[in-house]
J.: 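This is the structure, below, for whatever I ask next.
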Amino acid sequence: MCGAAADGGELLAAAFESAIASRSPRLGRAAHARALRLLTPALPPFICAHLVNLYSKLDLPAAAAAALASDPHPTVVSFTAFISGAAQHARPLPALSAFAGMLRLGLRPNDFTFPSAFKAAASAPPRSTIGPQIHSLSLRFGYLPDDAFVSCAALDMYFKTGRLMLARRLFDEMPNRNVVAWNAVMTNAVLDGRPLETIEAYFGLREADGLPNVVSVCAFFNACAGAMYLSLGEQFHGFVVKCGFQMDVSVLNSLVDFYGKCRCAGKARVVFDGMRVRNSVSWCSMIAAYAQNGAEEEALALYLGARSSGEKPTEFMVSCALTTCAGLLGLDLGRALHAVAVRSCIDENIFVASALVDMYGKCGGVEDAEQIFFEISQKNLVTWNAMIGGYAHIGDARNALLVFDDMIRSGGTSPNYITLVNVITACSRGGFTKEGYELFETMRERFGIEPRIEHYACVVDLLARAGMEEQAYEVIQGMSMRPSISVWGALLGACKMHGKTELGRIAAEKLFELDPQDSGNHVLLSNMFASAGRWAEATDIRREMKNIGIKKDPGCSWVTWKNVVHVFRARDTKHEMHDEIQALLSKLRKQMQAAGYMPDTQYALYDLEEEEKESEVFQHSEKLALAFGLICIPPCVPIRIMKNLRICVDCHRAFKFISGIVGRDIIVRDNNRFHHFKQFECSCGDYW
DNA sequence: CTAGGGTTAG
């Protein structure tokens with residue numbers, strides 16, 4: 001009888017183990033059923049512990065709790081199995097309450113229990129004392145800093161709960177620091193955004209004659225990625241290959257990520273292509289590497305490749321792909337991914353939800369962004385930033401400020417520099433000059449955020465746009481850092497808008513120094529002279545462009561209809577619907593003129609007659625795209641037009657008329673922002 | 001029968 005139980009026990013143990021290894025709840029339940037059949041009438045204690053371990057490791061919390069509850073005499077082993085599974089699967093609360101439960105039963109946690117308890121306590125909020133309490137309990141039970149497992153777990157817990165002093169002290173007290181202790185220092189320094197410390201810790205490990213392992217290597221690449229240490233990372237790449245770490249999937253994944261973050265998508269791809277084994281992390285890293293380097297098409301192709309090679313649309317996969325859509329302004333694709341997220345039950349994941357808010361905001365669907373945003377119960381910094389950014393895109397300063405206020409008052413999240421960039425941008429575009437400037441002036445004392453170059457660019461834009469170019473110039477002159485292209489660009493743009501030719505010339509000359517090849521600035525300056533009637537100077541700039549070989553970026557606009565992108569250039573005659581488009585445009589021209597429209601031809605080529613100029617502006621790419629949209633897209637659907645340059649002044653004026661005449665919503669996304677035309681008006685209030 | 005440090009996303 002006893003022997004039979006033992007034999008059955010060995011068989012069962014093997015069955016439990018293989019169910020856990022293959023992560024198969026089906027195999028697990030089968031092994032459980034077999035145990036019930038073989039061992040009657042009652043399961044022996046060690047099988048009860050096995051069952052708790054099985055269900056806990058398979059992430060079946062209800063079954064694990066039931067197994068623990070049905071154990072007539074639970075031991076420290078059953079409890080530890082439960083706690084460890086819960087901690088590994090990010091369920092810290094059940095883990096900690098089981099820990100408290102075993103103490104109440106008078107069971108003494110052992111050196112296997114404490115590491116899992118610390119792992120659970122590591123995800124407690126920063127102010128929580130649960131971690132330190134468990135630590136003092138472990139000391140009371142005699143686990144001194146020389147127990148590597150216990151103290152490494154405590155060390156990691158102190159780092160993850162933001163108690164850096166205590167972590168540092170524990171680390172210094174450890175008599176024999178193993179590689180795991182060094183790794184805890186390295187990985188947490190990366191997570192906290194101190195990559196330099198990670199690299200220092202790596203050299204500390206080497207000086208102490210420790211051998212790095214896979215985890216140390218990943219942390220090192222992560223640090224190089226975070227600090228953009230391309231050449232250090234490349235050297236380390238060579239070393240890692242020599243040590244034979246290059247067979248490890250995680251190491252290769254972190255290499256892909258490293259090259260991607262260091263703007264070397266090509267090198268990332270070489271690593272990715274050389275991988276013999278890939279997991280979903282590999283695909284996500286490579287998709288992100290493309291998306292972060294402006295190669296959205298490649299990113300999207302890779303996403304489709306991952307799906308067709310059987311990868312599941314995980315939270316990671318979908319949020320990577322959504323970022324790609326945001327960069328591509330691919331609203332239709334983004335909607336499709338939204339549907340994928342809903343079907344896969346991951347749309348409430350905070351990363352996916354924030355990515356959706358971001359995507360809708362950037363692709364011109366603020367209403368959809370809002371709807372998702374207001375349903376997110378646990379908003380974090382990125383969620384708030386994405387929503388405020390969405391309002392900034394359409395220049396809705398009022399809502400941006402309201403949401404910013406909500407964020408501050410909710411108290412859970414403090415703004416970061418991106419929040420301030422987004423709010424000030426919204427103020428700038430929405431004409432809330434006073435509010436925006438006040439925020440800029442007080443951000444240091446109110447939120448402890450040091451103004452960065454981005455904030456200067458925003459505030460120069462804010463002031464200059466509102467006609468205060470001189471104040472904006474004073475802000476630039478008072479800067480402690482070197483003004484960037486965006487700073488001078490903001491000033492130049494506003495000077496052109498308000499005809500401040502002299503200051504505009506100063507800004508343009510700075511821009512020519514900083515970026516001699518950029519055509520946009522030359523065109524802007526030339527147009528500025530042209531609209532001031534200073535044709536000679538305008539012509540000079542054009543001639544200079546020709547001399548140094550700068551070509552004007554060809555402007556183009558595009559409309560997506562039935563999954564086909566229709567691209568238009570100015571004076572395009574090649575489109576299959578050319579005749580219909582021209583017919584509609586001339587009909588619209590008459591209707592608009594009857595409604596009081598006057599063409600704005602001041603930037604058209606200046607050697608043309610006035611009448612020719614009028615025809616000229618009627619061949620702009622955005623007007624061709626709009627006419628195509630009006631013909632093809634049914635009346636209830638808004639027409640969405642993308643443009644690679646800024647929308648032209650005349651097209652902006654014309655679109656307002658057309659939106660009213662035909663009673664359609666027209667949404668234009670240019671290289672700067674959205675314009676939503678409706679009933680003879682534009683969402684930007686002509687302030688752009 | 002139970003244990004620590006890990007790669008990807010907004």
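Sequence lines set the chain letters: A, B, ... in the order given, protein chains first and strands last, and positions in each chain run from 1. Computed from a predicted model, the values in this text were never measured in an experiment.
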J.: Do we count F351(A) as stacking onto dA9(B) if the rule is ring centres under 5.5 Å and planes under 30°?
T.: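 Yes; centroid distance and tilt both under limits.
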J.: What nucleotide among dG10(B), dG4(B), dT7(B) has an atom nearest to a side-chain atom of V382(A)?
T.: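 Ranking dG10(B), dG4(B), dT7(B) by closest atom to the V382(A) side chain puts dG10(B) first.
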J.: Looking at every strand, decide which applies to T383(A) at a 4.0 Å heavy-atom threshold: base, sugar-phosphate, or nothing.
T.: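 Base: the residue T383(A), judged by heavy atoms under 4.0 Å, touches a nucleobase.
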J.: With a non-hydrogen cut-off below 4.0 angstrom, is V251(A) in contact with a base, only sugar-phosphate, or nothing?
T.: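 Touches nothing.
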J.: Measuring from the side chain of C284(A) (C-beta onward, heavy atoms only), which nucleotide among dG4(B), dT8(B), dG10(B) has the closest atom?
T.: dT8(B)
J.: Mind checking K160(A) for me? I need base, sugar-phosphate or nothing, with any heavy atom below 4.0 Å counting as a touch.
T.: sugar-phosphate
J.: If you check every side-chain atom of C320(A), which of dT7(B), dA9(B), dA3(B) has the closest atom?
T.: dA9(B)
J.: Spell out yes or no: do the side chain of S250(A) and the base of dG6(B) have one donor N/O and one acceptor N/O closer than 3.5 Å?
T.: yes
J.: Can you tell me if N279(A) and S282(A) form a side-chain donor-acceptor pair at under 3.5 Å?
T.: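 The answer is yes; a qualifying pair exists.
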J.: Could you tell me whether the side chain of N222(A) has a donor or acceptor atom within less than 3.5 Å of a complementary atom in the base of dG6(B)?
T.: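 No.
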J.: Using a distance-only test with no angle check, is there a side-chain donor-acceptor pair under 3.5 angstrom linking T383(A) and N380(A)?
T.: yes
J.: Heavy atoms only, 4.0 Å cut-off, all strands: where does A148(A) land among base, sugar-phosphate and nothing?
T.: base
J.: Does K57(A) reach a base, just sugar-phosphate, or nothing at all? Heavy atoms under 4.0 Å.
T.: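 Sugar-phosphate, backbone atoms only, no base.
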J.: With respect to the side chain of N253(A), which nucleotide from dG6(B), dT2(B), dT7(B) is positioned closest?
T.: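 Among the listed nucleotides, the one closest to the side chain of N253(A) is dT7(B).
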J.: With no hydrogens and no angle check, just 3.5 Å: does a side-chain donor-acceptor pair link T113(A) and N110(A)?
T.: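 Yes - a donor-acceptor pair under 3.5 Å links their side chains.
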J.: Would F46(A) pass as stacked on dC1(B), i.e. its ring centre under 5.5 Å from the base's six-membered ring centre and planes under 30° apart?
T.: no
J.: Let's see if you can work this out: which of dC1(B), dG10(B), dA9(B) has an atom nearest to the side-chain heavy atoms of A49(A)?
T.: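 The nucleotide sitting nearest to the side chain is dC1(B).
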J.: Return the nearest nucleotide to the side chain of V180(A); candidates are dG4(B), dT2(B), dA9(B).
T.: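 Selected nucleotide: dG4(B).
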J.: Tell me whether the side-chain N/O atoms of N349(A) come closer than 4.0 Å to OP1 or OP2 in dG10(B).
T.: no
J.: Between the side chains of K267(A) and E234(A), is the shortest nitrogen-to-carboxylate-oxygen separation below 4.0 Å, so that they form an ion pair?
T.: yes
J.: At under 4.0 Å between heavy atoms, what does I350(A) touch on the DNA or RNA strands: base, sugar-phosphate, or nothing?
T.: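 Counting heavy atoms under 4.0 Å across all strands, the contact made by I350(A) includes a base.
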J.: Look at all strands and tell whether N385(A) reaches a base, only sugar-phosphate, or nothing, counting heavy atoms closer than 4.0 Å.
T.: nothing
J.: Could you state the CZ-P distance from F272(A) to dT7(B), rounded to the nearest angstrom?
T.: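 Going from F272(A) (CZ) to dT7(B) (P), I get 19 Å.
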J.: Can you identify which nucleotide, out of dT2(B), dA9(B), dG4(B), has its nearest atom closest to the A288(A) side chain?
T.: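 Side chain of A288(A) sits closest to dA9(B).
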J.: Does the ring centre of F82(A) sit less than 6.0 Å away from the ring centre of F79(A)?
T.: no
J.: Has the side chain of D248(A) got a donor or acceptor atom sitting under 3.5 Å from an opposite partner on the base of dG6(B)?
T.: yes
J.: Have a look at E311(A) and say if it touches a base, only the backbone sugar-phosphate, or nothing, with a 4.0 Å heavy-atom cut-off.
T.: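 If one applies the 4.0 Å heavy-atom cut-off, E311(A) turns out to touch nothing in the nucleic acid.
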J.: Checking all strands, does E17(A) fall into the base, sugar-phosphate, or nothing category for heavy-atom contacts under 4.0 angstrom?
T.: nothing
